[in-house]
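Every chain is numbered from 1, with letters handed out A, B, ... down the list of sequences.
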Amino acid sequence: MAESLLGSVSFLEVWILEKLLMATWETIYMVVVATLLSYLFGLPMGVLLVATSKGHIFEHSLINRYLGGIVNAARSVPFIIFLILLIPFTRLLMGTSIGTAASIVPLTIAAVPFVARMVETSLNEIDWGLIEAAISMGAGTWKIVTSVLLPESLPSLVSGVAITTINLVGYSAMAGIVGGGGLGTLAYYYGYQRYENSVMWMTVIVLIILVQGVQMLGDNISQKIFNNRR
Amino acid sequence: MISIKDLSKIYLTANQRIVALDKVTLKVEKGEIFGIIGLSGAGKSTLIRCINRLETPSEGTIYVDDQEIISLGKKDLQQVRQKIGMIFQHFNLLSSRNVFDNVMFPMEIAKIPRDRAEKRAKELLALVGLSDRLLAYPNQLSGGQKQRVGIARALANDPKLLLCDEATSALDPQTTHSILKLLRDINRQLNITILLITHDMNVIKEICDRVAVIDDGAIVEMGKVLDVFSNPASPTSKGFVNSVIGNEIPEELLHLSRSENNQSVSRVIRVSFVGASAGEPVIFRMIRKFDVEASILFGNVSRIKDTPFGSLTLELIGPQSLLQEAVDYLRNQGLEVEVLNNG
């Protein structure tokens, strides 16, 4: 009797651990893919925001104003609303609006304007003298972007990647509540709907570890690049 | 080499019209070191930056090596810029690249084949004395070393002209001296024309052949450095010359009139010696020839580029007519004489 009880408990725990592991993997997968995709679109947008600004290497007030407007509009929509708004689009793109792969769509779209602003801030930190020196040597716009703007702001850009990733961990949990999979779904189904507090706490601990890990990794890489240059 | 005509730059803000450059005309000859000196805000920086179009002038023409600069399109301008080197007050080296790769940068822009560029970068870094720091990053270098990298970088594409935008203003006097010496060596060895701007008359004194004094956007005086030093015409120029020679006489001294009586009066004069005359005992001869007393109030000898330059402030005491003759005598000996008080 006691033995079978013990057995069932350990069976339960193994079962939960498996779920937890699976959900953690799903979260990492969603966040990593969404981060990569959001930089694929957000990085050029951020560069464009800076380069087209007044007095910069590719000054263009129309592009700058429209791009800035779009970014601001997208950033003012709370993610949870974004999530619902984008359901038809996600379905169109992925065939479904539920599951890990489908979640990547709203996660990416929400992160792109955020990334664009992060990149913009990083690039604006660069001493204008460096850009001017490159101009004085006859460098074109593309050369300045690839040889001055991006390499010079690399430590700051890396910190930005860490912040974006951490944000996406949070967003992914929200996506989980509307069937996005990952730790959010686990916490919602088991923790909230079934009152299994232990599951809730476990997801919280895993999330803390994830966020902590990303932050440390980001700081580390950023610092390493800095140290190499000193 | 450079021919600037009627160059103006006007900034229009909402409710102001600021004239940064006012019809500036000047010529820089091939192979010379030309200095433009002015206080901050005088427009010298705007002027030098117009030459490679970091700044777009409002009016006027600029020719560099018979090439008109102002009408150039973007692509042509980039080509021309590759042949005009520039160094900066704050060096502006890329912190993401080591010394060697910083010097490689302009050659990447000019699309020089890598092996040739590498050879050139090593040569240039040897020229500026940094062969042992190729792999160091700018943050690991001293200010003087950074400017040496800046110079090597500016020379990478074999420019005919080097623009120096306050290149020594962030350096201590000793480092300034060594950087100026390097610029002079480069000017001689490679026959590169150098145009520099500065607010420091010592820089002009040390390496320039000619100088233009700029004040409030306009050139107020221009000429050989020796001439400007020995006979500055404008108040601005006088201020700059005094900053180096330090021959300001306290007001009180000019009005002492201590030995004046019926027979003799006192004159305070400043005599400038240039070149060979600096070595001749002209004052001694004057005292022997005319019966005047002379007391030395202040004296100074320095060197302008390669020429000794001296300035002596004397008080002459004697009968008025004799004093005038004495002063004329000095002038006839080829000295610049300025009478500072006139009874």
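Ranked by non-hydrogen atom pairs under 4.5 Å with chain A, the options Lys83(B), Arg53(B), Arg49(B) are led by Arg49(B). With chain B as partner, the option from Ile126(A), Ile131(A), Leu154(A), Val148(A) having the largest number of non-hydrogen pairs under 4.5 angstrom is Val148(A).
The heavy-atom pair separating Phe91(B) from Ala170(B) by the smallest distance is CZ-CB, 4.5 Å.
The cationic group of Lys9(B) lies under 6.0 Å from the six-membered ring centre of Tyr11(B) and within 45° of the ring axis, placing it in a cation-pi geometry.
Heavy atoms of Leu94(B) lying under 4.5 Å from chain A belong to its backbone as well as its side chain. Only the backbone of Leu93(B) comes within contact range of chain A, judged by heavy atoms closer than 4.5 Å.
Side-chain contact check for Gln147(B) versus Ile87(B): some heavy-atom pair is nearer than 4.5 Å.
A salt bridge links Asp185(B) with Lys181(B); the closest basic N to acidic carboxylate O contact falls under 4.0 Å.
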